[in-house]
Amino acid sequence: MIIVDKALEARAEQGKPIKVAILGGGFMAQGLTNQIVNSVPAMKMVAIYSRKPQKALHVLNYSGLENPIEAVTQSQLDDAIRAGKPAFTQNVMLLARSEHVDLIVDTTGSVEFGAHVVLEAFKHGKDVVLLNAELDATIGPILQTYADKHGVILSACDGDEPGLQMNLYRWVKGLGLTPRVVGNIKGLQDPYRNPSTQKDFAEKWGQNPAMVTSFADGSKISFEQAIVANATGMLVKSRGMSRGAEYKDDVMKIGKLYDIEELRRLGGIVDYVVGTPFTKVYCLAEHPDPKQQHYLNLYKMGEGPLYSFFLPYHLVHFEVPNAIARVALLRDSVAKPLGGPVVEVCAVAKRDLKAGEVLDDYGMYMTYGEAVNTDEMSNGRYLPEGLVEGCKLSRNIAKDAVLTYDDVELPQGRLADQLRAQQYRHFRGDTWLEQKIKSRN
């Protein structure tokens, strides 16, 4: 990040700010817009998309951008940006197609919507930064192939947990150690939380109850750890990872939770625990050189074999501009998949579900997500949590049972379903999902 600040300073001195457009008018879009407008002179927030114009107006006004222009046509948007005036629109494709937008940040959390916008942005030569872990975890690897085809970059975010973990992972590897666990810390884990139970907390902080629910029920952390797994090649030890196991002891001793031989056999794992004080993410790594082990012990890292590295906080929107700069100026992706998915997020019943019911979205009342290795995901034909919305149940499902594609009728014509089928065929040679979609359509 020391390189990033100098790159941003140089860009600011050139008087050519990175022109950023944001998708979404929610809590994160609000914080990020304010950060770019008031703290990052090398960037310019040129336009925002929201389905609800009043939310877009609020975000712009919150950040001190006055008299924004509502763009209905491409020329209106482009004229506003050329004139240096902030713009908002309900037509997201205007942002994807504008030659006056350098980079798009997606804060929506929508998989289907995000898939359409990302592919259109790629066609028009735009890089995309995702503050949308759901999209990244569900179809990020196949979207990466489209980014490569168009010579653009698709990236996760600094500040959000996947970016925070990947920065730590890359730093630890750079020291010559071998990472064996990349972990996340939660303050709460209850898979049965819903928007009603989380309403008061969401209102207190001005957040969306469904998004807050996805934090509490474990779905969000599952999406996040899937991104890290796909960028490192690490697996999960078992479906659901720790499932909310508490660890409130010293983070420097957290290695005692793990069997080093099992970690070596698996090639490393992603995981999470609940309640560890003064910690947000951690990386456990070993060093093969006894001479370096001696130095690590001298430097108060303990005797190993697992050495604990950790960060105490994540600052989300404050750090997203670092990801924008890394992409736009240094052509560096924060958490690029190594290839095909190795970990995905399956849907699990939050309550007893009945045949004929239509599933609501993640973070709602009917399902929660669990991270699972892709071999199990594909072999079991598990339904992804990122694409549950609108699926109609064809049979009863017991509480805490994994939902499969055989349990549901898919909505017709979804692009994200087609991309998942491509993802399985391209990386694994699995064609069952492609056949399922064809039979539906």
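Sequential numbering from 1 along the given sequence is applied to the chain's residues.
Residues Leu353 and Met366 meet the side-chain proximity criterion, which asks for heavy atoms closer than 4.5 Å. Between Asn184 and Leu164 there is no side-chain heavy-atom pair separated by less than 4.5 Å. In this structure the side chain of Asp400 reaches within 4.5 angstrom of the side chain of Tyr192, judged on heavy atoms. No side-chain heavy atom of Lys44 sits less than 4.5 Å from a side-chain heavy atom of Val20. Contact annotation: the side chain of Gln198 never approaches that of Asn194 to less than 4.5 Å [non-hydrogen atoms, C-beta and beyond]. Side-chain atoms of Glu286 and Leu177, non-hydrogen and from C-beta on, never get closer than 4.5 Å to each other. With a 4.5 Å cut-off on side-chain heavy atoms, Gln189 and Arg243 do not count as touching. Between Leu415 and Leu119, the closest side-chain pair of non-hydrogen atoms falls below 4.5 Å.
Side-chain atoms of Gln74 come within 3.5 Å of backbone atoms of Leu94 as a donor-acceptor pair (strictly under, hydrogens ignored). Side-chain atoms of Ser308 come within 3.5 Å of backbone atoms of Val251 as a donor-acceptor pair (strictly under, hydrogens ignored). Side chain of Gln423 to main chain of Leu419: no donor-acceptor pair is present (N/O by atom type, distance under 3.5 Å, no hydrogens or angles). Side chain of Thr279 to backbone of Val281: no donor-acceptor contact under 3.5 angstrom is found. The main-chain N or O of Lys126 is never found under 3.5 Å from a side-chain atom of His124 such that the two would form a donor-acceptor pair. Between the side chain of Ser222 and the backbone N or O of Gly369 there is at least one donor-acceptor pair closer than 3.5 Å. Judged by distance alone, the side chain of Lys350 and the main-chain N or O of Met364 form a donor-acceptor pair under 3.5 Å. Asp407 places a side-chain N or O within donor-acceptor distance of the main-chain N or O of Thr404, the cut-off being under 3.5 Å. For Asp352 (side chain) and Lys399 (main-chain N/O), a donor-acceptor pair under 3.5 Å exists by modelled atom type. In this structure, the side chain of Thr107 does not engage the main chain of Met28 through any donor-acceptor pair within 3.5 Å.
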(request) Would you please test Gln422 and Glu434 for side-chain hydrogen bond (donor to acceptor under 3.5 Å, both in side chains) and show each step? (result) CA-CA 7 Å; Gln422 286 181 30; Glu434 193 172 60; over 6 Å; no
(message) For Lys336 and Asn230: C-alpha separation, side-chain torsions, deciding distance, then whether side-chain hydrogen bond (donor to acceptor under 3.5 Å, both in side chains) applies.
(response) CA-CA 8 Å; Lys336 184 177 181 179; Asn230 294 336; over 6 Å; no
(request) May I have the step-by-step check of side-chain hydrogen bond (donor to acceptor under 3.5 Å, both in side chains) for Ser219 and Asp217, ending in yes or no? (result) CA-CA 6 Å; Ser219 299; Asp217 72 9; 2.9 Å; yes
(request) Evaluate the side-chain hydrogen bond (donor to acceptor under 3.5 Å, both in side chains) criterion for residues Glu344 and Thr138: first the C-alpha distance (whole Å), next the side-chain angles of each, then the deciding distance (0.1 Å), finally the verdict. (result) CA-CA 7 Å; Glu344 299 181 80; Thr138 305; over 6 Å; no
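Side-chain contact check for Gln293 and Asn297: no donor-acceptor pair (N or O, by modelled atom type) lies under 3.5 Å. Side chain to side chain, Tyr382 and Glu376 meet the donor-acceptor criterion of an N or O pair below 3.5 Å. Between Tyr49 and Asp106, the side chains place no donor N or O within less than 3.5 Å of an acceptor N or O (distance only, hydrogens not considered). In the model, His116 has no side-chain atom that pairs as donor or acceptor with a side-chain atom of Glu120 under 3.5 Å. For the residue pair Thr145 and Asp148, no side-chain donor N or O sits within less than 3.5 Å of a side-chain acceptor on the partner. In this structure, a donor-acceptor pair under 3.5 Å is present between the side chains of Ser378 and Asp430.
Minimum heavy-atom separation, Ala121 to Val128: CB-CG2, 3.9 Å. What you find for Tyr272 and Gly240 is that their closest heavy atoms are CE2-O, 3.8 Å. Contact detail for Leu8 and Ala42: the closest heavy-atom pair is O-CB, 3.2 Å. Across every non-hydrogen atom of Asn132 and Ser110, the tightest pair is ND2-O, 3.1 Å. Shortest non-hydrogen contact noted between Val172 and Ala285 is CG1-CB, 3.6 Å. When all heavy atoms of Ala328 and Ile18 are compared, the pair lying nearest together is CB-CD1, 3.8 Å.
Once rounded to the nearest 0.5 Å, the distance linking OG1 of Thr367 with CD of Glu385 reads 3.5 Å. Distance check: Asp271 CG to Ser242 OG gives 5.0 Å after rounding to the nearest 0.5 Å.
Ion pair Lys436/Glu409 not flagged as a salt bridge, since none of the NZ, NE, NH1 or NH2 atoms sits closer than 4.0 Å to an Asp/Glu carboxylate oxygen. Ion pairing of Arg428 with Asp375 is present here, as a side-chain N (NZ or NE/NH1/NH2) and a carboxylate O approach within less than 4.0 Å. Here Arg193 pairs with Asp190 in a salt bridge; the nearest charged N to carboxylate O distance falls below 4.0 Å. For the pair Arg381 and Asp406, the salt-bridge criterion is met [side-chain N within less than 4.0 Å of a carboxylate O]. Between Glu370 and Arg239 there is a salt bridge, with a side-chain nitrogen of the basic residue lying less than 4.0 Å from a carboxylate oxygen of the acidic one. Asp332 and Arg170 are joined by a salt bridge, as a carboxylate oxygen and a charged side-chain nitrogen come within less than 4.0 angstrom of each other. At a threshold of 4.0 Å, the pair Arg326-Asp158 counts as salt-bridged, since one of the basic side-chain nitrogens sits closer than that to a carboxylate oxygen.
Counting heavy-atom neighbours within 6.0 Å of Arg331 CZ, excluding the residue itself, gives a total above 12. Around CD of Gln14, the count of heavy atoms belonging to other residues, nucleotides or ligands within 6.0 Å exceeds 12. By the 6.0 Å contact criterion, NZ on Lys19 is enclosed, its count of non-hydrogen atoms from other residues, nucleotides or ligands being greater than 12. Atom CZ of Phe318 has 12 or fewer heavy atoms from other residues, nucleotides or ligands within 6.0 Å. By the neighbour-count criterion of 12 heavy atoms within 6.0 Å, atom CZ of Phe310 is sparsely surrounded, having that number or fewer from other residues, nucleotides or ligands.
Geometric assessment of Lys256 against the ring of Tyr247 yields a negative cation-pi assignment under the 6.0 Å and 45° thresholds. For the pair Arg425 and Phe427, the cation-pi criterion (under 6.0 Å, within 45° of the ring axis) is not fulfilled.
Remark: aromatic rings of Tyr362 and Phe223 are close, center separation under 6.0 Å.
Using a 30° and 60° split on the angle between ring planes, Tyr424 and Trp432 fall in the tilted class, from 30° to 60°.
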